[in-house]
Amino acid sequence: SLSILEHFPENQYYPSVMSVLAISEAFIGKIEEAEVHARKAKALTQGTPNIVPYALSLYALGDIATARDSFEVAIGHYTKS
């Protein structure tokens, strides 16, 4: 679905798909890729009325921090999400 949605970044589902991709990448050890996708999702949703994709991007950043053993940073992201 990302290959289709990346042609339509204004699509309301794009940030959510990016965040889910980031969570999956963090789980399999693709940390750098995960961070790029999570930060892009966060940037697309920060300050918008659609809070769910924003919260999902913060959750993804929490998983990335956890994968890096940065537990204090992870707690901060999870708390904000």
Review point. So, for Ala38 and Leu61, which heavy atoms are closest and what is the spacing to 0.1 Å?
Key: CB-CD2, 3.7 Å
Practice item. Work out which heavy atom in Ala26 is nearest to a heavy atom in Ile31; give both atom names and the distance. Key: O-CD1, 3.8 Å
Point to revise | Working for side-chain contact (heavy atoms from CB on, under 4.5 Å), residues Arg68 and Glu35 | key: CA-CA 11 Å; Arg68 290 182 169 148; Glu35 186 164 16; 2.8 Å; yes
With rounding to the nearest 0.5 Å, note down the distance linking [atom1] in [X] to [atom2] in [Y].
X     : Y     : atom1 : atom2 : value
His77 : Glu72 : NE2   : CD    : 12.0 Å
Lys80 : Ile75 : NZ    : CD1   : 13.0 Å
Asn11 : Ser16 : CG    : OG    : 9.5 Å
Ser24 : His37 : OG    : NE2   : 11.0 Å

Exercise for review: Start with the C-alpha gap between Leu44 and Tyr14, add the side-chain angles, then the distance that decides, and say whether side-chain contact (heavy atoms from CB on, under 4.5 Å) holds.
Suggested key: CA-CA 9 Å; Leu44 288 170; Tyr14 185 73; 3.5 Å; yes
Practice item. Side-chain contact test, heavy atoms from C-beta onward, threshold under 4.5 Å: evaluate it for Asn50 versus Thr45 and give yes or no. Key: no
Practice item. Report the residues that fulfil side-chain hydrogen bond (donor to acceptor under 3.5 Å, both in side chains) with Lys42, sequence neighbours left out, ordered by chain and then residue number. Key: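 So Lys42 forms no side-chain hydrogen bond (donor to acceptor under 3.5 Å, both in side chains) with any residue.
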Review point. Is it true that Leu21 and Phe27 fall in one hydrophobic cluster, defined by side-chain heavy atoms closer than 4.5 Å?
Key: no
Report all side-chain donor-acceptor pairs from residues 53-60 shorter than 3.5 Å, counting only partners two or more places apart or in another chain.
residue : atom : partner : partner atom : Å
Ser57   : OG   : Tyr54   : O            : 2.6

